[in-house]
Amino acid sequence: MIRYGFAFIVLVHGVIHLMGYSKAFGYGNIQQFTKEISKPIGIAWLLASLLFLTTEILFLVKKDNWWMAALPAVLLSQVLIILYWGDARFGTVANLIIVIAGIVGFAEWDFNKMIKRELSVFWNVPVHQQRIVTNRMIADLPPIVQKWMQHSGIVGKPIIQAVRLKQKGMMLSKQRGKWMDFTAAQYFTTDKPAFNWQVKAKLMPLVYLNGRDKYADGKGEMLIKILSLKTIVDSKENAETDQGTLLRYLSEICWFPSAALNEYIKWEAIDNISARATMRYKNITASGIFFFTEHGDVRGFEAMRFGDFNGKTSLEKWHIRSMEFKVFDGIRIPCRSEVTWKLKDADFTWLKLELLQVDYNKHELF
């Protein structure tokens, strides 16, 4: 509703500027302007109108460069309003609304541009000749992990080298906070373990968070901004973030099971429904326990992970619970999950997510 309200303001503003052009060229009885408008100035009114209407179209079709038309439109419009202040001064309010939105639009465009630069490097990896997962490949895994491989449907299919997926869900930024709806896109590579996750979460009406979490070359980074303008989290180049993002990658191999065969992951049987996975990559090591159903679905993952709580970093138990399963591209995986910190005073469930789309070995960006 707010989005369409803003679009309506831009549209009306553009139409009003068109009236200035009509006044200059004698089209219709335009009484809103009491001063005479010369034809050259009338052309300026027309140009401002066209820029606002272009802004309208780009905004409605969700092009993130819509601000490129909006900001020059506001600049030209405000000059014209000053020249015809008595008749057009109220247009300043609309210009103020549009310029504020335009600044936010520019910040989001710049944030997305940064992510696209990262992805152009991240996603530009060589695709090796596809090998097929065989029973022989999984023979040395713990029995329950073998059952997972079989039940997921990965046996007989190509090894997954790249993954792209879309998510939606809800998240909390702090304990006893308010749930925020979010949408996200994520990309993985498996020969060299890496991921890039971009999220947009609604903090409140008109205010949202843009975030990017990534793991590449053994290093982790987390960046979160309000309205793409103000940085509230910028964590990188520290052992805690590196360990945390490695663990996240390990936990999420349940979405691309053939990654369990990579040499950087070692498996150890615990019992008939659980197994410990230890991942070692670029001098960072972390372990977690995968829990399975008797049929071989991944029902959970648990590990000790660093987290930030009330401004302090501590090592806490981190638990993922699978709620539902679905087949994507022939592979059965968890499609709905909850993520919980098992803290000393109480459990803190902070993330509820659902997979909307999963594509394997498709080297194209969304």
Side-chain angles (χ1 to χ4, degrees), residues 1-117 120 183 198 200-210 225-231 365-366:
M1 184 64 69
I2 294 173
R3 177 180 181 82
Y4 290 110
F6 174 74
F8 179 74
I9 291 172
V10 176
L11 177 62
V12 171
H13 208 39
V15 170
I16 291 173
H17 283 70
L18 190 60
M19 291 168 60
Y21 164 75
S22 299
K23 175 75 173 184
F25 285 84
Y27 300 139
N29 183 20
I30 308 299
Q31 298 181 354
Q32 286 82 357
F33 289 89
T34 58
K35 290 183 178 181
E36 291 299 319
I37 300 177
S38 67
K39 288 185 178 181
I41 297 298
I43 296 297
W45 282 100
L46 175 63
L47 179 58
S49 177
L50 293 175
L51 286 170
F52 280 122
L53 294 176
T54 300
T55 299
E56 170 86 0
I57 294 169
L58 293 175
F59 182 79
L60 288 176
V61 300
K62 298 184 179 180
K63 295 291 185 180
D64 63 1
N65 62 346
W66 64 269
W67 61 272
M68 293 183 180
L71 296 183
V74 167
L75 179 61
L76 178 56
S77 170
Q78 196 59 40
V79 170
L80 294 170
I81 287 172
I82 292 171
L83 292 175
Y84 294 87
W85 184 256
D87 295 324
R89 62 185 182 275
F90 295 109
T92 299
V93 176
N95 278 342
L96 182 61
I97 293 171
I98 295 169
V99 78
I100 292 172
I103 291 171
V104 174
F106 164 75
E108 183 169 7
W109 171 85
D110 190 56
F111 187 85
N112 292 335
K113 187 178 179 181
M114 176 202 71
I115 291 174
K116 288 176 182 177
R117 285 196 303 267
S120 68
T183 57
Q198 311 105 52
K200 185 173 183 177
K202 185 177 180 181
L203 185 59
M204 62 181 71
L206 296 177
V207 181
Y208 53 85
L209 301 178
N210 281 105
K225 293 187 173 187
I226 296 179
L227 293 174
S228 300
L229 289 168
K230 181 176 175 56
T231 299
L365 299 177
F366 286 121

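In what follows, residues are counted from 1 in the order of the sequence shown.
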Kindly compute the distance separating [atom1] ([X]) from [atom2] ([Y]), expressed to the nearest 0.5 Å.
| X | Y | atom1 | atom2 | answer |
| --- | --- | --- | --- | --- |
| Phe52 | Leu47 | CZ | CG | 10.5 Å |
| Asn112 | Asn65 | CG | CG | 11.0 Å |
| Ile57 | Leu11 | CD1 | CG | 10.0 Å |
| Thr55 | Leu50 | OG1 | CG | 10.5 Å |

Using side-chain contact (heavy atoms from CB on, under 4.5 Å) as the criterion, list what pairs up with [X], not counting sequence neighbours.
| X | value |
| --- | --- |
| Arg89 | Trp85 |
| Leu365 | Leu119, Trp123, Tyr187 |
| Ile226 | Val207, Leu209, Ile232 |
| Ser49 | His17, Leu18, Leu53 |

Query - Test salt bridge (charged side-chain N to carboxylate O under 4.0 Å, His left out) applied to Glu108 - qualifying residues, sequence neighbours left out - result: Lys200

Residues that [X] engages under side chain to side chain donor-acceptor pair (under 3.5 Å), provided they are two or more places apart:
| X | result |
| --- | --- |
| Lys225 | none |
| Asn95 | His13, Ser77, Gln78 |
| Ser228 | Asn210 |
| Tyr84 | none |

Query raised in the report: Would the Trp45 and Tyr27 ring centres measure less than 6.0 Å apart?
Result: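 Ring-ring flag for Trp45/Tyr27: false, centres at least 6.0 Å apart.
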
Query - 4.5 Å side-chain heavy-atom contact, Lys62 and Arg3 - result: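 Yes, their side chains come closer than 4.5 Å.
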
Requested in this report: Give every residue pair that meets the salt bridge (Lys or Arg N to Asp or Glu O under 4.0 Å) criterion with at least one member in residues 25-41, sequence neighbours excluded.
Outcome: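 Every candidate salt bridge (Lys or Arg N to Asp or Glu O under 4.0 Å) pair involving residues 25-41 fails, so no pair, neighbours aside, qualifies.
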
Query - Residues Phe6, Leu206; criterion side-chain contact (heavy atoms from CB on, under 4.5 Å); working and verdict - result: CA-CA 11 Å; Phe6 174 74; Leu206 296 177; over 6 Å; no

Requested in this report: Please list, chain by chain and in numerical order, all residues satisfying ring-ring contact (aromatic ring centres under 6.0 Å, His included) with Phe25, sequence neighbours excluded.
Outcome: Tyr21

Report task. Taking ring-ring contact (aromatic ring centres under 6.0 Å, His included) as the test, write out the residues that go with Phe106, two or more places apart. Result -> Trp67, Trp109

Query raised in the report: So, the side chain of Lys23 versus the backbone of Phe33: is there a donor-acceptor pair under 3.5 Å, distance only?
Result: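 Side chain of Lys23 to backbone of Phe33, a donor-acceptor pair under 3.5 Å: yes, one is there.
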
